[in-house]
Chemist: 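I have a structure here, written as structure tokens, and I will follow up with some questions on it.
Note that ligands are numbered from 1 as they come in the structure, with each ligand's atoms numbered from 1 the same way. Basis for what follows: all heavy atoms, side chains included, without hydrogens, waters or symmetry-related copies. All values derive from a computational prediction rather than experimental measurement.
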Amino acid sequence: MSESKLWDDVDAYFISHLSPDDDVLEAALRDSDAAGLPRVNVTANQGKLLHLLARIQGARTILEIGTLGGYSTIWLARALPAEGRLVTMEYSARHAEVATRNIARAGLDAVVDVRVGPALESLPKLADENPAPFDLVFVDADKANNPHYLEWALRLTSTGSLIVLDNVVRGGRVADPDNPDADVRGTRAAIELIGSHPRLSGTAVQTVGSKGYDGFALARVLA
Ligand code: SAH
Ligand code: DHB
Ligand code: MG
């Protein structure tokens, strides 16, 4: 059995018991596929991890950068109380349209606010609105901009907030200081910023599964 087949089997086993069949989430993936969106959403067990992190955090407000078809958005928004709020940012109008439909079908349209455009344009606009600090920020867009997203996340959060970055391993490429890829460089800069920033305490964990070999970084905002 190849290693990746084993990873798939273990993912399927965990998912079957821990984040089993869910019509709304499955429909979201089906419609994302039908619309030709790339299949780069978090897996069901990763979605459940995000959901649990938001619950553990007692999150009332969540910011997501990188909506795609709204799959991770739905996992996160379901962790919010009825009066909670999730702002999600998506560059592609087409992706945002699919996401908006998926979020509505999940009954979360009153909670979720989809902002279309480059996140580096949407973030200053959001900051101008003086929103309440976000309790959790999930960064999952163009990895080259991760250090900028981290800086914005710091401005839009407060003590005790949690920042999560997806795809920080990408098959192990993150360990190569000479890799010229902008996404790898952006991720390395973000990791190094977490490590050196006086207001962040963070870690990163490697993951395997049906999406291959990757990982998450987590950082808690300090006083
Ligand atoms: N969080 C989603 C996956 C996001 S994939 C999930 O797990 O279900 C990354 C998304 O980021 C893509 O939809 C892509 O269009 C979007 N993106 C890329 N560059 C961006 C930018 N500059 N601003 C906002 N979104 C961007
Ligand atoms: C890929 C995976 C992701 O989780 C993502 O956010 C973007 C791209 C990928 O596998 O290419
Ligand atoms: Mg991702």
Chemist: Does any donor atom in the side chain of R105 or N102 lie under 3.5 Å from an acceptor atom in the other side chain?
Modeler: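 Side-chain D/A pair, R105 to N102: present.
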Chemist: Name the closest protein heavy atom to atom 2 (C) of ligand 1, giving the residue it belongs to and the distance to 0.1 Å.
Modeler: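 Among all protein heavy atoms, the one nearest atom 2 (C) of ligand 1 is S72 OG, 3.3 Å.
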Chemist: Near ligand 2, which residues have a heavy atom under 4.0 Å away from one of its atoms?
Modeler: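 Residues V40, D140, K143, D166, N167, R170, K211 each place a heavy atom under 4.0 Å from ligand 2, listed by chain and number.
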Chemist: Run the salt bridge (charged side-chain N to carboxylate O under 4.0 Å, His left out) test on R85 and E64 for me, step by step, so that the C-alpha distance in whole Å, both residues' side-chain angles and the decisive distance to 0.1 Å come before the verdict.
Modeler: CA-CA 11 Å; R85 177 166 186 250; E64 177 179 66; over 6 Å; no
Chemist: Could you tell me the residue and atom name of the protein heavy atom closest to atom 26 (C) of ligand 1, and the distance to it rounded to 0.1 Å?
Modeler: Y91 CB, 3.3 Å
Chemist: Students should be able to answer this: which protein heavy-atom is nearest to atom 18 (C) of ligand 1, and at what distance?
Modeler: D142 N, 3.9 Å
Chemist: What do we get for Y149 next to ligand 1 when only non-hydrogen atoms under 4.0 Å count, side chain, backbone, both or neither?
Modeler: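 Answer for Y149: side chain.
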Chemist: For T67 and ligand 1, answer yes if some heavy atom of the residue is under 4.0 Å from a ligand atom, otherwise no.
Modeler: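 T67 counts as a contact of ligand 1 under the 4.0 Å cut-off.
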Chemist: Within the side chain of E90, is there an N or O that forms a donor-acceptor pair under 3.5 Å with the backbone of T67?
Modeler: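 Yes, E90 side chain to T67 backbone: donor-acceptor pair under 3.5 Å.
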Chemist: Of all the atoms in ligand 1, which lie at a distance below 4.0 Å from a heavy atom belonging to V40?
Modeler: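 Answer for ligand 1: 5 (S).
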Chemist: Below 4.0 Å, non-hydrogen atoms only: which portion of L37 touches ligand 1? Side chain, backbone, both or neither.
Modeler: neither
Chemist: So is N145 polar-close to ligand 1, meaning N/O to N/O under 3.5 Å?
Modeler: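 No.
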Chemist: Verify the distance test for S72 against the Mg ion (ligand 3): any N/O/S atom under 2.8 Å, yes or no.
Modeler: no
Chemist: Output the distance between atom CZ (R78) and atom CZ (R55), rounded to the nearest 0.5 Å.
Modeler: 10.5 Å
Chemist: Is it true that the side chains of D142 and Y149 contain a donor and an acceptor less than 3.5 Å apart?
Modeler: yes
